[in-house]
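Every value quoted in this text rests on a predicted model; they were computed, and no experiment measured them.
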Amino acid sequence: MKEQIKEIIESKDLKEISIDLVEKVLDNQLTDDLVKEIPILKTIVAIKNVYSSYTDRIFIKKAMNVLLEFGELNDDERDTLLNDLHDDNETAVEKILMAVDKLETIKKCKVFGRLCKLKAQGEFYAEEFLRLTNVIQSAYLDDLILVKSFGAYERKEIYEEEYYPLISLGLIYQERPEQTPIERNHQYEEYDLEFRGGEIKLFYRLTDLGERVRLYYDELFPENK
């Protein structure tokens with residue numbers, strides 16, 4: 001499959017494909033005229049014919065929801081993506097397919113596709129891209145909107161239960177606690193405290209990874225603007 005996926009990524013026809021066309025391929029409803037008009041469809045048909053189980057069909061649909069996000073990339077950007085993600089252990093295509101395998105919803109596939117597009121456009125280093133891939137795989141995506149309530153480098157007191165998903169994903173961190181000074185209190189009444197202060201305040205900031213999610217949130221989730 002990886003050779004066919006690479007062919008799809010590199011195809012100039014990719015921007016002509018919609019998820020509706022992919023559904024027609026999977027349902028054997030594609031006409032010969034369409035295949036002649038958009039030759040890369042032949043490659044998708046070939047993948048579908050080889051990988052024809054229900055599980056395979058779901059995987060193909062997931063992978064294509066990722067790849068459709070690449071439609072507007074130019075040749076240099078596609079080459080950048082394929083070259084930057086290649087290493088001695090896996091090719092870029094293998095990394096993409098292994099990532100898709102861990103994405104359990106179509107929504108996550110679309111977000112991952114947008115992340116790949118941003119990587120191709122030079123917005124992330126390879127390590128950042130892989131870390132953000134893991135965030136997308138692990139997160140309940142609706143929780144990620146919480147990063148928008150943090151400004152760049154802003155310290156916040158938070159309700160920890162609400163923000164726990166961001167803590168567990170490594171997107172925010174707790175600063176060293178601060179304790180207010182302890183001072184002797186003027187006791188005007190018998191039951192007034194002798195001392196006041198000593199409260200501990202906990203402040204949180206975005207991690208570098210969390211700041212990247214905040215910065216690119218609208219591009220990863222354009223439907224939430």
Side-chain angles (χ1 to χ4, degrees), residues 65-66 69-70 72-73 77 80-81 84-85 87 95-96 98-100 102-189 191-225:
N65 270 279
V66 173
E69 297 292 335
F70 299 3
E72 300 303 320
L73 295 177
E77 290 168 338
T80 294
L81 179 67
D84 284 1
L85 296 185
D87 60 34
K95 280 189 172 73
I96 290 170
M98 285 188 284
V100 170
K102 295 180 181 178
L103 299 170
E104 73 273 18
T105 67
I106 295 299
K107 182 178 180 179
K108 285 192 174 187
C109 293
K110 291 178 179 179
V111 175
F112 176 61
R114 293 165 193 155
L115 179 69
C116 290
K117 181 179 177 181
L118 289 167
K119 174 69 189 80
Q121 294 169 335
E123 300 297 336
F124 303 116
Y125 296 115
E127 183 176 331
E128 287 179 322
F129 169 81
L130 295 173
R131 289 181 181 277
L132 289 167
T133 296
N134 183 256
V135 168
I136 293 168
Q137 290 169 335
S138 303
Y140 176 64
L141 291 183
D142 288 349
D143 287 334
L144 296 184
I145 199 171
L146 293 170
V147 301
K148 296 193 75 173
S149 64
F150 283 80
Y153 312 113
E154 183 180 351
R155 305 164 76 222
K156 289 185 72 72
E157 289 186 272
I158 64 172
Y159 178 51
E160 286 193 17
E161 186 173 344
E162 181 181 1
Y163 282 85
Y164 178 75
L166 299 190
I167 299 171
S168 64
L169 290 167
L171 302 182
I172 62 174
Y173 70 97
Q174 179 189 302
E175 289 188 330
R176 185 175 179 177
E178 295 181 1
Q179 186 176 30
T180 57
I182 299 175
E183 302 172 337
R184 184 176 292 278
N185 189 30
H186 295 292
Q187 293 180 285
Y188 298 108
E189 302 288 341
Y191 298 107
D192 285 346
L193 295 175
E194 184 177 357
F195 296 94
R196 66 182 178 184
E199 298 89 359
I200 294 177
K201 291 189 175 183
L202 301 178
F203 291 96
Y204 288 79
R205 290 183 188 267
L206 289 171
T207 62
D208 288 344
L209 193 65
E211 174 60 21
R212 300 301 271 169
V213 174
R214 187 197 69 82
L215 186 61
Y216 291 96
Y217 182 88
D218 288 342
E219 292 174 80
L220 294 170
F221 301 93
E223 63 277 9
N224 292 347
K225 284 185 180 181

Quick one: pull up OG1 in Thr105 and CZ in Phe112 and give me the separation to the nearest 0.5 Å. 13.0 Å
Does Glu104 have more than 12 heavy atoms from other residues, nucleotides or ligands lying within 6.0 Å of its CD? yes
Can you see which heavy atom on Ala120 is nearest to which on Leu73, and at what distance? CB-CD1, 3.7 Å
With a 4.5 Å cut-off on side-chain heavy atoms, are Lys102 and Thr133 touching? no
Checking salt bridge (Lys or Arg N to Asp or Glu O under 4.0 Å) between Arg114 and each of Glu223, Glu72, Glu219, which is the one that passes? Glu223
Atom NZ of Lys108 and atom CG of Leu115: how far apart are they, to the nearest 0.5 Å? 13.0 Å
Could you go through Glu123 and Leu215, starting from their C-alpha distance and side-chain angles, then the distance that decides it, and tell me whether this counts as side-chain contact (heavy atoms from CB on, under 4.5 Å)? CA-CA 11 Å; Glu123 300 297 336; Leu215 186 61; over 6 Å; no
Could you tell me whether Arg131 atom CZ has more than 12 heavy atoms of other residues or ligands within 6.0 Å of it? no
The reported gap from CZ in Phe221 to CG in Leu141 (rounded to nearest 0.5 angstrom) is 4.5 Å
Between Arg214 and Glu211, does at least one N-O distance fall below 4.0 Å, as a salt bridge requires? yes
N-O pairing of Glu127 and Arg212 below 4.0 Å: no
For Glu69 and Lys117, which heavy atoms make the closest approach, and how far apart are they? O-CD, 3.4 Å
Supply the atom-to-atom distance Leu132 CG to Cys116 SG, rounded to the nearest 0.5 angstrom. 11.0 Å
Side chain of Gln137, backbone of Ala99: donor and acceptor closer than 3.5 Å? yes
Closest heavy-atom pair and its distance - Ala139, Leu169: CB-CD1, 3.7 Å
Tightest non-hydrogen contact, residues Cys109 and Asn65, listed as CB-CB, 4.1 Å
Beyond-backbone contact of Leu202 with Glu157, side-chain heavy atoms, under 4.5 angstrom: no
Do the charged groups of Asp142 and Lys107 touch, with an N to O distance under 4.0 Å? yes
Is Lys148 close to Asn224 at the side-chain level, that is, under 4.5 Å between some pair of heavy atoms? no
Counting only heavy atoms from other residues, nucleotides and ligands, does the tally under 6.0 Å from OH of Tyr125 exceed 12? no
For Thr207 versus Gly170, what's the shortest heavy-atom pair and its separation? OG1-O, 2.7 Å
Drop me the distance from Ile167's CD1 to Ile158's CD1, to the nearest 0.5 angstrom. 4.5 Å
Distance, nearest 0.5 Å, that separates CG of Leu220 from CG of Leu144: 9.0 Å
Heavy-atom pair of closest approach, residues Phe129 and Phe124: N-CB, 4.2 Å
Looking at Lys156, Glu160, Arg155, which hits side-chain hydrogen bond (donor to acceptor under 3.5 Å, both in side chains) with Tyr204? Glu160
Counting only heavy atoms from other residues, nucleotides and ligands, does the tally under 6.0 Å from NZ of Lys110 exceed 12? no
